[in-house]
Number of protein chains: 2
Amino acid sequence: MTDMTFTRIQCDSCPIRHRAVCARCDDDELALLEAIKYYRSFEPGQTIVWSGDQMDFLGSVVEGIATLNQTMEDGRTQMVGLLLPSDFVGRPGRGTAAYDTVAATKLTMCCFRRAPFEELMVRTPHIAQRLLEMTLDELDAAREWMLLLGRKTAREKIASLLVIIARRNSTGTKATPTDGAHFDLPLTREATADYLGLTLETVSRQISALKRDGVIVLEGKRGITVPDFHRLIEETGDDTDGGVLV
Amino acid sequence: MTDMTFTRIQCDSCPIRHRAVCARCDDDELALLEAIKYYRSFEPGQTIVWSGDQMDFLGSVVEGIATLNQTMEDGRTQMVGLLLPSDFVGRPGRGTAAYDTVAATKLTMCCFRRAPFEELMVRTPHIAQRLLEMTLDELDAAREWMLLLGRKTAREKIASLLVIIARRNSTGTKATPTDGAHFDLPLTREATADYLGLTLETVSRQISALKRDGVIVLEGKRGITVPDFHRLIEETGDDTDGGVLV
DNA sequence: GCCGTCCGTTGATTTCGATCAAGGTTACGA
DNA sequence: TCGTAACCTTGATCGAAATCAACGGACGGC
């Protein structure tokens with residue numbers, strides 16, 4: 001299989017085409033994007049970019065999960081971004097990474113070389129408009145995350161994370177999964193702790209507590225089944241009257 | 001003074017023109033913006049928009065301070081946005097507010113009616129590009145805030161907030177104020193607590209502690225002088241090697 | 001098979017910030 | 001001038017999560 005064929009095969013299912021920058025591109029523009037596009041793979045735990053490094057590409061997650069992390073001098077770490085398939089990575093107009101970008105699982109990214117992408121963006125207004133929409137969505141997610149970090153209890157934090165993962169896993173954005181939903185927690189206890197602003201011991205204890213109380217069922221270390229999804233949502237502390245907003 | 005005159009006078013010093021959406025507008029476009037623009041004033045404590053309400057305008061803060069707040073069912077509140085003069089409010093493409101927007105001080109906003117503004121945005125690509133830049137800046141700020149909420153101690157949180165306020169107060173973005181910098185904390189202890197994910201008692205205690213340790217000097221309840229700015233920065237827990245990034 | 005490493009769990013104890021409670025100060029209106 | 005309400009401070013105590021510590025299971029290499 002040649003590189004070219006590989007690229008085309010990926011492209012058919014590439015979320016870029018469907019949910020990200022090219023959502024409204026015509027064929028000519030898509031051809032230009034194809035020309036500056038390439039794929040990269042990473043292993044779990046591998047750091048893609050270090051904070052402060054030059055970052056000569058932008059891109060989207062095709063498969064797997066990446067995280068953005070901020071670390072203080074003394075080692076305290078806070079995750080500030082969780083990138084699932086179709087999420088965009090990198091900031092147009094700035095070539096320097098502000099955060100460590102780390103592969104949490106086996107990861108495939110679809111990258112665009114920075115300079116030609118930014119050129120294309122200037123010539124193609126709806127790319128900036130689409131990126132604006134995506135960035136506003138990310139800002140909303142960040143603000144919900146801030147409520148979680150600042151005001152929720154450890155138990156509510158865990159429940160909230162499970163709901164977020166379950167929702168992104170089920171088809172359709174923001175869909176409420178059916179009862180009995182099953183999914184894998186894609187993060188280690190430590191990464192989960194960094195997401196939630198907790199220690200890994202507290203994460204472990206609270207997951208055990210939710211299991212003990214029958215809110216979730218564990219299969220192995222990572223597999224999770226939710227017998228009653230509404231019950232889990234109640235544990236998050238969020239408004240239960242459904243996500244009308246966002 | 002007629003309304004029209006008032007508008008024009010404000011416009012000369014209106015941050016909209018200089019730092020927000022019209023940064024690169026030509027005269028025709030500016031004239032269009034003028035036509036759909038109006039000013040609104042609010043008193044401290046007044047809620048501008050409630051979460052879930054219809055929001056038929058977008059705009060910028062001209063003078064004073066507004067906050068975005070998220071509240072849980074049981075009353076726990078987290079501030080998720082602090083809007084200083086020149087900051088943009090509202091989300092193009094969504095007419096429903098996601099957060100409570102509250103005036104923290106006497107406040108003047110410059111508003112654009114939603115429908116014509118969004119029309120103008122479609123016709124004028126660099127407005128979307130400018131808004132994208134601003135939104136990315138806000139996202140960066142939100143992520144720094146997440147580190148603060150998730151991993152910093154109460155003392156570090158207070159110090160970080162003081163640095164943020166002092167920097168925005170001094171001329172030039174991200175400038176490091178001179179030693180002896182003096183400014184007013186524009187938030188009540190309660191609003192400060194909602195910003196930092198603390199209780200108002202803890203805020204009060206930590207401010208007293210920083211005063212006791214000579215890091216800051218208080219003048220009245222809100223006035224603050226920083227004798228040694230570098231000393232304050234050390235208290236934030238952030239990298240001391242200066243904001244090379246952002 | 002055995003060893004070492006990584007990941008996760010659980011227990012004992014400590015600690016930081018929350019909570020409960022009491023006053024103090026300032027501003028403003030009657 | 002006094003009274004009151006909003007805002008702030010400080011003290012005593014409590015509790016949730018951090019920290020310190022030990023252990024167990026899964027996996028991979030030798």
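A, B, ... follow the sequence lines: proteins, then strands. Residue 1 opens every chain.
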query = So do the side chains of A:Arg40 and A:Phe57 get within less than 4.5 Å of each other, counting heavy atoms only?
reply = yes
ask   = Starting at CG of B:Leu185 and ending at P of D:dC7, how long is that distance when rounded to a whole Å?
value = 14 Å
key: Electrostatic pair B:Arg168-B:Asp87, nearest N-O below 4.0 angstrom   = yes
ask   = Under 4.0 Å between a side-chain N or O of A:Arg205 and OP1 or OP2 of C:dT10?
value = no
inquiry  = Any side-chain N or O of A:Arg222 below 4.0 angstrom from OP1/OP2 of C:dG8?
reply    = yes
ask   = Does A:Arg155 place a side-chain N or O at less than 4.0 Å from the phosphate oxygens OP1/OP2 of D:dA17?
value = no
message = In this structure, how many angstroms lie between the P atom of C:dG8 and the CD atom of A:Glu190, rounded?
response = 9 Å
inquiry  = Any side-chain N or O of A:Thr202 below 4.0 angstrom from OP1/OP2 of D:dA16?
reply    = no
remark   = Rounded to whole Å, CG of A:Leu196 lies from C1' of D:dA18 at a distance of 15 Å
task = Answer whether the closest heavy-atom distance between the side chains of B:Phe42 and B:Val102 falls below 4.5 Å.
result = no
query = Contact class for A:Thr188 vs. all strands (heavy atom < 4.0 Å): base, sugar-phosphate, or nothing?
reply = sugar-phosphate
request  = Grab the CG-P distance between B:Asp74 and C:dT19 for me, whole Å please.
outcome  = 10 Å
ask   = Do A:Arg91 and B:Asp140 touch side chain to side chain, with heavy atoms closer than 4.5 Å?
value = yes
query = Got a donor-acceptor pair under 3.5 Å from the side chain of A:Glu201 to the base of D:dC20?
reply = yes
query = B:Ser208 near the nucleic acid: base, sugar-phosphate alone, or nothing, with a heavy-atom cut-off under 4.0 Å?
reply = sugar-phosphate
Residue A:Arg189, side-chain atoms from C-beta onward, closest of D:dT9, C:dT9, D:dA17 = C:dT9
key: Gap between atoms CD and C1', on A:Glu219 and D:dA26 respectively (whole Å)   = 18 Å
Side-chain N or O of B:Thr199 closer than 4.0 Å to phosphate OP1/OP2 of C:dG17 = no
inquiry  = Heavy atoms only, 4.0 Å cut-off, all strands: where does B:Leu198 land among base, sugar-phosphate and nothing?
reply    = sugar-phosphate
message = Rounded to whole Å, please give me the gap between CZ in B:Arg76 and C1' in C:dA18.
response = 13 Å
query = Taking CG from A:Asp194 and P from C:dG8, how many angstroms apart are they, rounded to a whole number?
reply = 12 Å
query = Across the strands shown, which category fits A:Gly197 at heavy-atom distances under 4.0 angstrom: base, sugar-phosphate, nothing?
reply = sugar-phosphate
request  = Report the distance from atom CG of A:Leu218 to atom P of D:dA26, rounded to the nearest whole Å.
outcome  = 14 Å
inquiry  = Give me the atom names and distance for the closest heavy-atom approach of B:Phe88 to B:Leu83.
reply    = O-CD2, 3.9 Å
